[in-house]
Structures are given as structure tokens and as C-alpha cells.
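Below is one structure, written out as C-alpha cells, with a few remarks after it.
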2 protein chains.
Amino acid sequence: MSEVIDGAKEARPSADSLVRILEDDILNAVLRPGERLDEQSLARRFEVSRTPIREALRHLASSGLVDIKKNQGATVKRLTTGELIEMFQVMAEYEGLSARLSARRMTKEDVVEMRKLHEECAAMAEREDYGGFYETNNIFHDSIFRGSRNVFLQMESRKLRNRLNVYRRHITTPRSMTKSAYEHGRIVEAVTAGDAAQAHDLMREHVDLLAGAAADVLLALEAEGIE
Amino acid sequence: MSEVIDGAKEARPSADSLVRILEDDILNAVLRPGERLDEQSLARRFEVSRTPIREALRHLASSGLVDIKKNQGATVKRLTTGELIEMFQVMAEYEGLSARLSARRMTKEDVVEMRKLHEECAAMAEREDYGGFYETNNIFHDSIFRGSRNVFLQMESRKLRNRLNVYRRHITTPRSMTKSAYEHGRIVEAVTAGDAAQAHDLMREHVDLLAGAAADVLLALEAEGIE
DNA sequence: TCGGAAGCGATTGTATACAACCGCTACTGC
DNA sequence: GCAGTAGCGGTTGTATACAATCGCTTCCGA
């Protein structure tokens with residue numbers, strides 16, 4: 001990564017920094033889906049010219065966070081239900097692959113780390129500490145991504161997770177922490193045992209909230225334009 | 001897509017078109033991995049100013065085809081063997097997911113189309129028409145991606161396939177067409193039967209073998225320095 | 001009153017001008 | 001002779017100026 005120098009937030013940011021700043025704003029819902037991203041306003045706000053703003057917007061566009069229409073400017077990408085489902089399915093696949101690879105490649109130290117995080121997760125569930133569970137759950141999943149020893153997979157899943165997180169607040173997860181923790185346990189066992197196929201399946205099912213026929217129906221409905 | 005007007009190849013291309021032109025050049029190895037992409041030269045070549053060139057380069061950078069270092073310009077991204085293998089693994093997962101979803105969602109018409117393409121593939125294999133097999137094989141796999149009814153998956157896999165195709169010429173796939181055709185057959189049956197899990201596994205293994213073989217060849221190539 | 005087209009304002013797309021930065025070379029001093 | 005530095009050429013990064021395009025409003029006519 002770049003220097004940590006940009007701690008001084010009043011220094012005029014350069015295109016590079018702008019990408020991250022705008023990205024954060026989108027992920028934290030400072031900029032909301034559908035919102036217009038006017039080049040001049042942004043230029044004034046950051047005290048730079050339109051040029052670096054444009055570059056940043058183009059970058060965000062090709063990473064999927066922003067939507068640019070020719071001669072009509074940029075808006076924060078608004079995802080339809082269908083697109084969200086599609087992306088969740090791919091995310092589930094990423095997670096499944098990470099578990100498969102981890103089952104084959106994790107070192108003893110990796111496994112210890114993973115088990116520790118799993119136990120922390122379980123403890124959070126026990127206490128019904130939702131915030132803590134959410135945090136630890138993320139770290140647990142990350143440990144499995146790292147264990148996969150596939151940097152490309154890690155990058156892609158991180159990008160996708162960011163995009164999905166924009167909508168996290170709208171997704172009131174109906175899942176119980178206890179059930180999640182139980183599933184974590186089974187995944188941990190499969191990975192530890194080196195059972196790649198089992199690890200893959202358990203993980204994909206664990207993550208794929210909308211795996212079932214519900215998704216098929218929703219997609220079909222949307223295909224005929226019902227909103 | 002956009003207008004078909006840009007058939008006139010001497011019209012000065014706009015940033016949008018430039019992305020596709022440069023992309024094609026990279027995919028067709030007119031621009032080779034590691035090659036420098038000088039803004040001024042490109043600007044002269046296409047008779048535009050540096051501005052649209054820059055935008056195109058940034059776009060290609062975030063789609064992974066180009067590598068941009070701050071103040072040091074852009075080069076065609078050169079992938080290491082390890083990165084290629086990682087990407088092939090993810091690609092296999094994409095294909096597996098497409099088969100899984102197709103098994104659940106394909107219409108009767110989709111299935112007919114898929115079977116037709118499979119039979120064409122088999123015929124090509126029979127005749128040992130390697131070029132024809134390659135073409136038809138791609139179309140066959142595409143038909144399954146389409147059958148998945150997951151546009152996001154299709155887009156991601158297309159992007160990834162493009163990136164991998166840059167190195168296709170280095171990958172003289174040692175697989176027999178006959179074996180591929182046979183595996184296609186099993187996949188077709190699983191999809192038709194609606195056996196999602198089976199379709200997924202068969203497809204992933206079908207493509208993953210390519211990855212394994214590719215890895216070996218690439219490792220050999222890297223030993224002598226890829227150029 | 002409603003439909004349509006032309007003009008206007010505003011925004012994006014492109015070109016050019018200028019500033020900042022990097023790498024290389026050559027020179028100087030030890 | 002070699003190390004280090006200062007200067008130079010060239011490339012990228014940013015700012016500004018200009019052109020093209022789009023949507024909206026307004027005006028005209030039926």
C-alpha cells in the first residue's frame with residue numbers, strides 16, 4: 001500500500017486517495033445508492049480539479065460501486081434484488097472454495113488460529129453479543145480465506161464483500177448465532193480433517209442464505225418485471 | 001451494446017472505444033505482457049489527446065489487464081505462474097456454479113441448445129478438428145453460463161476468462177478432445193436431470209484438470225523465462 | 001389545452017497547458 | 001577510481017479552457 005502520510009486529512013487528496021475516500025463514503029452510506037456524484041461538487045469539496053475526480057469515479061465504476069452513463073454522469077450504483085442474490089451466490093462460492101483450499105493447505109498454526117476464532121465466536125453466541133459475534137465471525141471467515149493461500153481469491157472476495165456490505169443494513173439476517181456457531185464447528189472439523197469436498201459444501205451452505213428455491217422464484221419474478 | 005457506428009476504424013475513437021481497442025490488442029498479444037503503454041505514443045497513434053488514453057488505461061487497470069505504478073506509467077500486466085493458477089482455480093469455481101444453477105434453472109429450450117452444442121463438440125472431437133473444437137467448446141460452456149440466469153456470474157467469468165486468455169498461447173492444453181467431450185456428456189446429463197450437486201462437481205473437475213495441466217506447462221515455461 | 005420542436009443551461013467529454021516527480025547521466029570531491 | 005549528488009530530459013499528474021451532448025423549459029401552433 002501507499003504511505004500512511006495521508007493522515008493529514010486536510011491535505012488535498014490525489015486521485016489515488018480519492019478512490020479510497022469515496023469508497024469509504026459509499027460503504028458507510030454517507031453516499032447512498034442512487035445518489036448523484038457531480039464532478040464539480042466533488043471537485044469543490046476536495047479542493048481539486050475535475051481531472052482527479054473523474055479518474056477516481058472511473059475507477060470506482062469499474063470496481064462496480066459506481067454507475068457511469070455516457071454524458072449523464074455518475075451515480076452510486078443501486079443494486080436490484082436480483083443482482084444482490086446473484087452476488088450472494090457468487091460470494092457463497094468464494095467462501096466454499098476458500099474452505100476447500102484451506103482443507104488442503106492450512107498449516108497447523110492456521111488451524112489453531114481458526115479454532116481459536118471459532119471458539120470466540122461460540123462464546124459470543126452464548127452471551128448473545130450480536131455486535132461481537134458479527135466482528136468475530138468476519139475474522140473467522142477471513143482466517144479461512146487466508147488459509148486458502150489464494151491471494152486472487154482473497155482480493156475478489158474482499159471486493160465483492162464490500163459491494164454487498166453496502167446493503168447489509170437492509171438485510172435483517174434471520175439466522176441465529178447459535179446455528180451459525182454450530183455450522184462453524186462442522187466446517188472447522190472438515191477443514192481440520194482435510195476433507196476438502198465436505199468443507200466446501202458445508203461452507204457454501206453456511207453462507208448461501210438465499211440458496212434455495214426462493215432465489216429462483218425471486219429471479220423469475222424479476223425477470224418479468226414485477227417490482 | 002453501443003452503436004455499431006464505430007465500424008469506421010479511422011474515426012478518432014473516444015475513451016469508451018479505446019478501452020475495447022486496447023483490450024483487444026492485449027488479448028490478441030499485439031501488446032505483450034510487460035510491455036510499456038506510453039500515454040503520448042498511444043495518443044499519437046489514435047490521434048486523440050492524453051486524456052481519453054489515461055481514462056482507458058485506468059479502466060483497464062482496474063479490470064486487471066494493465067498495471068499502473070504511480071508516476072511510472074502503465075504496462076501490460078504480467079502474471080506470475082502462481083497468480084495464473086490461483087485464477088484458474090477461481091475460474092473452475094465459476095464454471096461449477098454455472099452448472100449448479102443451470103441444473104436448477106435451465107428451460108427446455110436451454111437444454112436443447114446445450115445438447116446441440118455438446119453434440120457439435122463431440123463431432124469436432126471425432127474429426128480431430130482442433131480449431132473447431134476450441135470454438136464450439138467455448139460456445140458450449142457459454143450456453144451453461146447463460147443457463148445459470150446469473151448475469152453477475154457471467155460478467156465476472158467473462159472478465160476472468162479474458163485475463164486468462166492472454167496466456168492461452170502458452171498453454172498447449174495436452175487434454176484429449178475425446179475425453180473433454182465425454183466429460184461434457186456427463187455434465188449435460190447431470191444438468192438435464194436437475195442434479196445440481198453432481199453438475200457442479202463434474203464441471204469443476206472438468207475445468208480444474210485444465211488448471212492442473214496448465215500449471216505444469218507454465219512452471220516449465222517459467223523455468224526458461226517467459227517471453 | 002396539448003403536442004412538439006427549438007433554444008438554453010448545465011454537465012460531461014476532450015484538448016491543451018502547466019506542475020511535480022522519477023530515473024539517468026555527468027560531474028565533483030574524496 | 002568510486003561514491004554521491006545535482007542537474008536535465010522526459011513522463012506522469014493536475015489544472016484549466018473549450019467543445020459536444022443531454023435534459024428541461026418555453027414558446028408556438030393546431
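Lettering of chains follows the sequences in order, A, B, ..., and the numbering in each one begins at 1.
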field: By side-chain contact (heavy atoms from CB on, under 4.5 Å) - contacts of B:K116 (at least two apart)
entry: B:E113, B:E120
message: Need one value for B:Q72: base, sugar-phosphate or nothing, where a base atom within 4.0 Å counts as base even if backbone is also close, heavy atoms only.
response: sugar-phosphate
query: How would you give the extent of chain A contacts on DNA chain C, as first and last nucleotide 5' to 3' within a 4.0 Å heavy-atom cut-off?
result: C:dT11 to C:dT14
task: Taking only heavy atoms on the protein side, list every residue of residues 30-44 of chain A lying under 4.0 Å from any atom of DNA chain D, sorted numerically.
output: none
task: Check side chain to side chain donor-acceptor pair (under 3.5 Å) between B:E86 and all other residues, then give those that pass, not counting sequence neighbours.
output: none
ring-ring contact (aromatic ring centres under 6.0 Å, His included) involving B:H200 - partner list, sequence neighbours excluded: A:H200
Rounded distance in Å - CD (B:E55) to P (D:dT12): 16 Å
task: Answer yes when A:R100 and B:D208 have at least one side-chain N-carboxylate O distance shorter than 4.0 Å, and no when they do not.
output: no
- request: Can you sort out the partners of B:S157 under side-chain contact (heavy atoms from CB on, under 4.5 Å), two or more places apart, ordered by chain and number?
  value: B:M91, B:Y94, B:F145
Every protein N/O lying under 3.5 Å from an N/O of nucleotides 18-21 of chain D:
from: D:dT21; atom 1: O3'; to: A:N71; atom 2: ND2; distance (Å): 3.4

Listing, residues 34-44 of chain B side-chain donor-acceptor contacts under 3.5 Å, not counting sequence neighbours, or none:
from: B:E35; atom 1: OE1; to: B:R32; atom 2: N; distance (Å): 3.0
from: B:R36; atom 1: NH2; to: B:Q72; atom 2: O; distance (Å): 3.4
from: B:D38; atom 1: OD2; to: B:Q40; atom 2: N; distance (Å): 3.4
from: B:D38; atom 1: OD2; to: B:S41; atom 2: N; distance (Å): 2.9
from: B:D38; atom 1: OD2; to: B:S41; atom 2: OG; distance (Å): 2.6
from: B:E39; atom 1: OE1; to: B:R50; atom 2: NE; distance (Å): 3.0
from: B:E39; atom 1: OE1; to: B:R50; atom 2: NH2; distance (Å): 3.1
from: B:E39; atom 1: OE2; to: B:R54; atom 2: NH1; distance (Å): 2.9

By side chain to side chain donor-acceptor pair (under 3.5 Å) - contacts of A:D24 (at least two apart): none
query: For B:D110, what residues pass the side chain to side chain donor-acceptor pair (under 3.5 Å) criterion, not counting sequence neighbours?
result: B:T107, B:R149
field: B:T75: partners by side chain to side chain donor-acceptor pair (under 3.5 Å), with sequence neighbours left out
entry: none
- line: Residues passing the side-chain contact (heavy atoms from CB on, under 4.5 Å) test with A:I139, sequence neighbours excluded, are A:L117
